[in-house]
Amino acid sequence: MKLTKLLPAAAALTALPAMGFAQEAGVDAASDTIFIFNSLLFLIGGFLVFWMAAGFAMLEAGLVRTKNVAMQLTKNVALFSLAAIFYYLIGYNLMYPLGTWSVDGVLSGVWGVGVLEAVGVARDGADDYGYAATASDFFFQLMFCATTASIVSGTLAERIKLWPFLAFTVVLTAVIYPLQASWKWGGGFLDAAGFLDFAGSTVVHSVGGWAALAGLLVLGPRIGKYKDGRVNPIPGSNLTLATLGTFILWLGWFGFNGASQLAMGTVGDVADVSRIFANTNTAAAGGAIAAMIMTQLLYKKVDLTMVLNGALAGLVSITAEPLTPTLGAATIIGAIGGILVVITVPLLDKLKLDDVVGAIPVHLVCGIWGTIAVVFTNGDASLGTQLYSIVVVGIFTFVVSLVVWFILKALVGIRVSEEDEINGLDKAELGMEAYPEFSKG
Amino acid sequence: MKLTKLLPAAAALTALPAMGFAQEAGVDAASDTIFIFNSLLFLIGGFLVFWMAAGFAMLEAGLVRTKNVAMQLTKNVALFSLAAIFYYLIGYNLMYPLGTWSVDGVLSGVWGVGVLEAVGVARDGADDYGYAATASDFFFQLMFCATTASIVSGTLAERIKLWPFLAFTVVLTAVIYPLQASWKWGGGFLDAAGFLDFAGSTVVHSVGGWAALAGLLVLGPRIGKYKDGRVNPIPGSNLTLATLGTFILWLGWFGFNGASQLAMGTVGDVADVSRIFANTNTAAAGGAIAAMIMTQLLYKKVDLTMVLNGALAGLVSITAEPLTPTLGAATIIGAIGGILVVITVPLLDKLKLDDVVGAIPVHLVCGIWGTIAVVFTNGDASLGTQLYSIVVVGIFTFVVSLVVWFILKALVGIRVSEEDEINGLDKAELGMEAYPEFSKG
Amino acid sequence: MKLTKLLPAAAALTALPAMGFAQEAGVDAASDTIFIFNSLLFLIGGFLVFWMAAGFAMLEAGLVRTKNVAMQLTKNVALFSLAAIFYYLIGYNLMYPLGTWSVDGVLSGVWGVGVLEAVGVARDGADDYGYAATASDFFFQLMFCATTASIVSGTLAERIKLWPFLAFTVVLTAVIYPLQASWKWGGGFLDAAGFLDFAGSTVVHSVGGWAALAGLLVLGPRIGKYKDGRVNPIPGSNLTLATLGTFILWLGWFGFNGASQLAMGTVGDVADVSRIFANTNTAAAGGAIAAMIMTQLLYKKVDLTMVLNGALAGLVSITAEPLTPTLGAATIIGAIGGILVVITVPLLDKLKLDDVVGAIPVHLVCGIWGTIAVVFTNGDASLGTQLYSIVVVGIFTFVVSLVVWFILKALVGIRVSEEDEINGLDKAELGMEAYPEFSKG
Amino acid sequence: MKLIIATIKPFKLEEVREAVTAAGVRGMMVTEIKGFGSQSGHTEIYRGAEYAVNFVPKVKLEIVVPDNMADQIVSTIAATAKTEKIGDGKIFVLDVEGAVRVRTGETNDDAL
Amino acid sequence: MKLIIATIKPFKLEEVREAVTAAGVRGMMVTEIKGFGSQSGHTEIYRGAEYAVNFVPKVKLEIVVPDNMADQIVSTIAATAKTEKIGDGKIFVLDVEGAVRVRTGETNDDAL
Amino acid sequence: MKLIIATIKPFKLEEVREAVTAAGVRGMMVTEIKGFGSQSGHTEIYRGAEYAVNFVPKVKLEIVVPDNMADQIVSTIAATAKTEKIGDGKIFVLDVEGAVRVRTGETNDDAL
Ligand SMILES: Nc1ncnc2c1ncn2[C@@H]1O[C@H](COP(=O)(O)OP(=O)(O)O)[C@@H](O)[C@H]1O
Ligand SMILES: Nc1ncnc2c1ncn2[C@@H]1O[C@H](COP(=O)(O)OP(=O)(O)O)[C@@H](O)[C@H]1O
Ligand SMILES: Nc1ncnc2c1ncn2[C@@H]1O[C@H](COP(=O)(O)OP(=O)(O)O)[C@@H](O)[C@H]1O
C-alpha cells in the first residue's frame, strides 16, 4: 500500500480545504463521501483479492498431477480459512500498531484480536474518520495475508503432509507475514527508511516466495523429478484449470494493486486508482507476451505454462509500483518479469529446486525485480533502500521460515512416505480422489 | 435484508438532518449521493449474487456423476433464467406490496409485472428517492429468488426429469418464495412480529431447503444409494469443480449479505456493510475449519467435500445476522454451522434421504441454526419470534412444495425411468454428454 | 456507449446547475463526486469486461476437442495481451480523436500511444473533469477492443496456426476495431448520421463476427466436419467449461452494457445503469429459455450448447440498446436472439461454414438483430440509419479482414497441415497437452 | 488356464465382480471400453445436425482362471450380467499358456 | 473363432469400423490405449526441460470373428488403416475357444 | 509368436518399458485399467459413510514377441516390476497365430 494505513487519512484531510464550501465543525458531507468511497474501495478490492484464493486453488490444481488434486484443493481452502482466523486473532494488530510499539519500529505493542467499529458507527465514533471503516480495512488487509500463504502451497505441492503444512500456514499468517509487514505498512523502520513497496512485491510476494523456498530446501524435490542427472518434467494435469486460475489472479490483482491506493474519495485518488488498474493490466500483458516470445525463440514452441507464469510475473513485477510508471514503462517492467520467469524456471531445476507451480520464479524473483524497478519510475525511491529492505525482509522471512520448517520436520515430519507420494496424497492422506470415476456406467 | 426495502429510506431521511449543511427543498446533492451509493451497492451486490448461480452450477456439476453433468448444467442455466422471468412477471410485486395488501400482512395486493423507473429519471420521478433506483433493487432481489431455486436443484440431481423440475422452479420463483418473503421483507406479519432475518437464513436458504426436502420425499433416493441396509457413497465426478463452485459462492455471499444492508450512503451504513463483509468471511472460514477438524477427528481423514460444505454452512449460518456479531462470534456461529453439517450429512443418509450435494444440511439445517443464532448477538431478537417464524415459513414452504411435487408426479411423473437413470440423464434426456470424447484422436 | 466519450461530460455539466447549492469557481465537491463515480463505473465495468476474456477462454476450451484445448487457451491469453498492448500503442487514439480528424469523421488525426493523466492529478489537470479519469476510460475501452478479438478465436479454432492468428489479432485491435469504432464512439460520421449502438452490438460484436467470417472463408472447415454431403457434428470436449464460460460472459456483460452508460454520478445516470443491468440480465434469460424451448420443439431434446449460445445471443441482442426497453421488451429482444441462434447454427452448416463455437450466429447475426431492434424501443433511432451503419461497418470490416487474411495466407499460410490438424494443434504447435496424464500412477 | 474376456454393461460390474468372487475368482483386470454391436445405431442431434451414435460404453473384464473353473465362471458371468435387453455383452474364452505372479514369481495356477 | 486385435491411429477408427462392418463384422470392443513403437522417440520441451515422448495415442480394436472370416477382416483392417506413415499399427490374430452372447446364451459363432 | 499380457503398478511403467526395450522389444500397447485382486479390500469413508474400495489403478501392457523371446521378456518384466509388496501384478502368455504391420503389410515376426 501507498504508505501506512494511517497516512492517507492525513492526506485526505489536508485535501479538504481545497473543496469549494465551508468546513464548519471540521467534518461535513463531503468528507463522509470520502470515507464511504475509501471504504468501498477496500470492499471491492477485498473481494477481488479474495477471489485470488480461488485463482491459486485452480492454478495449483491444474499444475499438479491428478493424484494430488483433491489434496491441493483442500490445502487451498484450509490455508485461506486459517489465514482469516489467525490474522484476526494475532496478525492484524501485530501488523498495524498504530504507533504503539513494544520495540520501536520493529514489534507492535498492540496484542489481541482485531476489533471492528460498533454497528452503525457515526463520524465521531469512527476509528479513523479521515480514512475508512475499520472493517473494510481489516477485510482488505486480511486478503493480503492469505495471498502470502497461497504462494507457499504451490511450491511444496505433491509431497508435503497436510497438517504440518497447515501448521506452517498458521505461523506465517499469525506472525511472519504481519510482523515484517509492520516494518513497512505498519509504519515501522523500513517505512521510516524510505522503503517503497506500493502493494507488496516484497511485503507479500517475495515473503511468500522466501517462505516457499525455505520449505523447499527442507522438503526436497518430488520423487522422479531429478533422475540420473536429468530433469524429468512432470506435466500438470489440467492446463484449462491453470489458465482459469491465471485469469482469476489477473482479475483479483486489480483489487490487489488498485485498492492499495487506500483512497478514492478525491479526483486525484480515483485517477490514481485508475492509473493503477491500467498499469497492472498492461504489465500482465507484457509479461505474457514476453514469455511467449521467449519460449518461441528458445524452444521453437510456445509453452502455455510459461505464458501463464509470464502474466503472473508481470503482475508481481508491477506490484511494488503500479502508480508512477507510464503505460509503456509498466509494459516493459512486466515484460522483464516475464523474461525473468522463462530464465529462472530451468535455473531452479538446475539447482534441483522442484517448485511445482513456478511460485519462486514468479513471486520471489519478480518480487525482487519489481521492488528494484520502483527506482526507475518513482523519484522518491532510492536503490539502496530498496535493496536494503529486500535483504532485510528476505533474511528475516527465510531464516524464521527455515527454523519453523525444521522444527516441524523434527517434531512430526513434513513429508509423506515414499509409498504415499507414489500413490498420491489424495488416496494416502484424504482417502478421496478429485476425479474418482472409473466407469461412466 | 435489514428490514423491508421501504424502511431504510426512512432511516436515511432521518439521518440527513445530522449532516452539516442546509436542507432546503428537502433534497440536495448529498442525498443524491446517498441514492447513488445505495443503488451502486445493489448493483455490485446483485452481480455478486448473480455469480452464485455459476457457483451452484459448478458445485453441483462437480458433485454429480459424469453421466448427469450436462443435465445438471442445463438445469442450472434454465432455473436461473426462469427465475429471472417469473420473478419479473409475478414475484417482484407479490414480494413487495409496498403497503398494498389484499390480505393484510399476508398477501400482496399488487399484481402485475415489475416496472422500472423511466429512463433518465430525476429526483422527483424516482420511485423512492430516499432509497435507491428501482431497477437496482429489482436486479438485486431477483438474484435472491434465483438463489432459492438453485438450492433445490442440487438435492434432487441425477434422477429428476428436466421439465417437471423446471415447472416446480416456476412455482417456486413466481409464488412460493416471493409470497413468504413478503411476510418478512415485504413488511408482512412476520416482520410486524419482530422476526429478524438479515439476508435470509430462513427467507432464502431454509426455504430452498424445505422445497428440496419436499421434493426429495416424493422423488426418493438414487438407485443403488441405499442397498441391503447399507449406505453406498456415490462420489462426485469432479472435486475441482466443486471447490471452484464453493469459492464462487463464497465470493457471491459478500454481495448477498453485504448488500442486504440496503444502504451505504452514510458513514454508519458503509461501516456496517464493511462489518458484514468481514463477518461473512470469517464465518465461512470458521465453518470450513470446523468441518475439517471434525472429519479428521471422526474419520481420521479430512473430507474435502465436507470442508466445502462446511464453508457454505458457515455462510448460511451467518446470513440471518451478519452485522451484530463480533468477528469472534461470527467465527463461532460459522464453526457451529460447519459442525452441524458434518453431523447432519450421515444422519440424512440414515433416514435414506439422498441429498446429492448436501443442500439440506447446508441450507436448511444451518438456515435454521443461523436464524436462531440471531438472538445471541442481536438484542432486538426474541427466540420465540425466531422459532415461530422458522416454523411458519417452514410449514408453508414444505406443505405447498409437497403439494406441487405431488401434483407434478401425478400429472407427468417427476422421475426418469430406471433405465434412463442408469444410463445417465445426459444421454437419456439431453442426448448429449458433458465430456463426450472417447478417443483423443 | 451512449454517445461518444466526450458528450457525457457536457451532459453532466449541464446537470450540475440543478443541484441545490452554489457553484462558485465552476467546480465543487459535488462535481468531484460525479468524476469519482464515473471513474469508478469504468473501473468496475472494466474489470467485469476483463473477466469476459476468461469467459471466452473457458467457453472455447469447452467447445473444442481435447487435442486443441491448450492451443485455444494459449490463443485466448495471447490475444488479450496483444490487444492490451496494441490498443495502447495505436488503437486508443485512433478510436478517440477528440475532434482532431485527419479525414473528417473518418480517420483520427491523433497518432501515438495512449497517455494517462499525471499521478495525483487535480481538478484543473484532469483531461476531462466533467467525465472521468482518463486511465479509467482507457482501461474500460481497452476491454471492448479485446472482446472483439476474442470473438474471432472461437470461430477459427482447431485448425488455424498460432502466429498468423495473432498477427491478425494485432491488425484487428490496432486498426480495424478502433478505426470503425471512431466512426460511432469517436464522434465520427456514423455518430453524426444518428447511428445508435449503445454498447456495441455492431461496433463490437458484429465486427468480431465479420472478422471471424472473413477468416472462416479463407480458412475452410475442419477436416471431417462435412463429408459426403453430410454434417458430422464434432462435440466439444467439456460442456462444464462451456457453461462456466457462459456464466462468466453473462457476469461480464453487466459491466459491458452497464458501464457503457459512461456515467453514474447523478440520480438519472445511476438509475439508467440499474435499468441496463436489469435489462441485460432478462435478455440473457430470454435468450436461454427461447433456445431451450426451440431445441425441445425442433429436436425433441434440449441442446445445452444451444441454451448457452441462446443466453449469449440474448446478451448480444440487447447490447445495442439496453437502456430504453422495458423488462418485457428486453426479454423478447433477447428471446428473438435465442431463436435466431437456433435457426442460424444449422444454416451455417448448410453453407459449410464451420464455426466451432457458434460465434457468427451469436455475435454477427444477433449483433445485426440487436442493432435493428433499437428502433422498437428508442424513438431517436431510425431504421435507415441503423441499416446503413450495419452495412458500412460490415463491408469495411469484412473486406479489410478478408484482405488481411489473404495476405497472411499468401505470406505464411494460415492453416496447419492436415497431419497436424489430425494430431491436434496442442501436440503439433505447442508440444503440450491440456490434459496430458495417461496413467494416474 | 483360460482367459475369460467379458464385455458387460457398466452398471453390472459390481454385481458380476461379487458373483465371480463368490465362485472362486481371486483377481481380474477391468477396462473401460466402447462397444459396437447390434445395440448401436440410434441417431442423436447436436447443434441441429443428426449423427449416428455407434459406440456404447461398456466394461471389459479379463479373468484368468484354471482350466477347470472356466465353464463355471463363464456361466456365472452370463447369468449375472444378463438383463435380456440388447447389448448385454459377450464372453470369450482363450487359452493361456503361462502365468506369473510378479510379487512371488509363482507360476501358472499358483499365480492366479 | 479368432480374436483380431488391431491397434490403429485414432482418426482411422470410424473408417475401419465402416469397412469391417461392410465386410460382415457385427460387433467389436474399442479401447483407448497408448502405443509404443518405432513411431516414438521425439523429444519435447516442458518448462525449459527436454523429455522424451515415448507413448503415442492409439486405438485398439478387438473383434471376434468366425474362423473363415478372419483373413478377410485382417486384410480389410490393414487396407483401411494404412496411411503408409510410421505408426499405422499392427494386427494380431489369436485363437478363441468359446463365445457366449450374454443376452440369449447363444454360443460360439451364433454369439458373434 | 506370443502375446504377453502384464498388469503392473502404474509407477513401474517407465522402468519396465526401458527394461523390455533393452531386452529387444520394439513395441507394445499400454492400457489404463483397474485391477482387482488380493491387494484390495480396504474401506474408505466418504461423507460419513464407509465403503469398500475394490479396484486399484493398474497399467496393462500387451507385447507380442517372437516365440523365442517370450520367456526372457516375461522374466524381465517380472524382475523389473517387482516391489515385493502385494499387488505387484501378473503376467500371462498367450499364443498368437498371426501378425501384420499395417504400414508395410509385413507379417508375423517381421511385423513386430
Ligand atoms: N485371475 C486374474 N486374472 C487376471 N488378472 C488378475 C488376476 N488376479 C490378479 N490379477 C491382476 O493382478 C493385479 C495384482 O493382483 P493381486 O492379487 O492384487 O496381487 P499379487 O499379484 O501381488 O498377489 C490385480 O490388481 C489384477 O489387475
Ligand atoms: N464380434 C464381436 N467381437 C468382440 N466384441 C463384440 C462382438 N460383438 C459384440 N461385441 C461386444 O459386445 C457388446 C454387446 O453386443 P451387442 O451386439 O450390442 O448386443 P447383444 O450381445 O445383446 O447382441 C458390444 O457392445 C461389444 O462390446
Ligand atoms: N510388439 C508389439 N506388440 C504389441 N503392440 C505393438 C508392438 N509393436 C508395435 N505395437 C503397436 O503398434 C503401434 C505402431 O507401431 P510402430 O512400431 O510405431 O509403427 P509401425 O507399425 O508403422 O512400424 C504401436 O504404437 C503399438 O501400439
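Residue numbering restarts at 1 for every chain, and letters A, B, ... go by the order of the sequence lines.
Contacts between Leu3(F) and chain E at a heavy-atom distance below 4.5 Å involve the side chain alone, from C-beta outward.
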If the cut-off is 3.5 angstrom, what donor-acceptor pairs do you find between chain F and chain E?
residue, atom, partner, partner atom, Å
Glu14(F), OE2, Asn54(E), ND2, 3.1
Met28(F), N, Phe36(E), O, 2.9
Met28(F), O, Phe36(E), N, 2.9
Val30(F), N, Lys34(E), O, 2.8
Val30(F), O, Lys34(E), N, 2.9
Glu62(F), OE1, Lys60(E), NZ, 2.6
Glu62(F), OE2, Lys60(E), NZ, 3.1
Glu97(F), N, Val93(E), O, 2.7
Glu97(F), OE1, Lys2(E), NZ, 2.8
Glu97(F), OE2, Lys2(E), NZ, 3.2
Gly98(F), N, Val93(E), O, 3.4
Gly98(F), O, Val93(E), N, 2.8
Val100(F), N, Ile91(E), O, 2.7
Val100(F), O, Ile91(E), N, 2.8
Val102(F), N, Gly89(E), O, 2.9
Ala111(F), O, Lys90(E), NZ, 2.9

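The shortest distance between side-chain heavy atoms of Leu13(F) and Phe55(E) falls below 4.5 Å.
Pairing each heavy atom of Ile91(E) with each of Ala78(E), the nearest pair is CD1-N, 3.6 Å. Between Ala81(F) and Ile8(F), the shortest heavy-atom contact is CB-CG2, 3.7 Å.
Rounding to the nearest 0.5 Å places CE of Met28(F) at 7.5 Å from CD1 of Ile77(F). From Ile33(E), atom CD1 reaches atom CD1 of Ile33(F) across 13.5 Å, with rounding to the nearest 0.5 Å.
Checking Ile4(F), Leu112(F), Val25(F), Leu94(F) one by one against Val64(F), the side chain to side chain contact (heavy atoms under 4.5 Å, CB included) holds for a single residue, Leu112(F).
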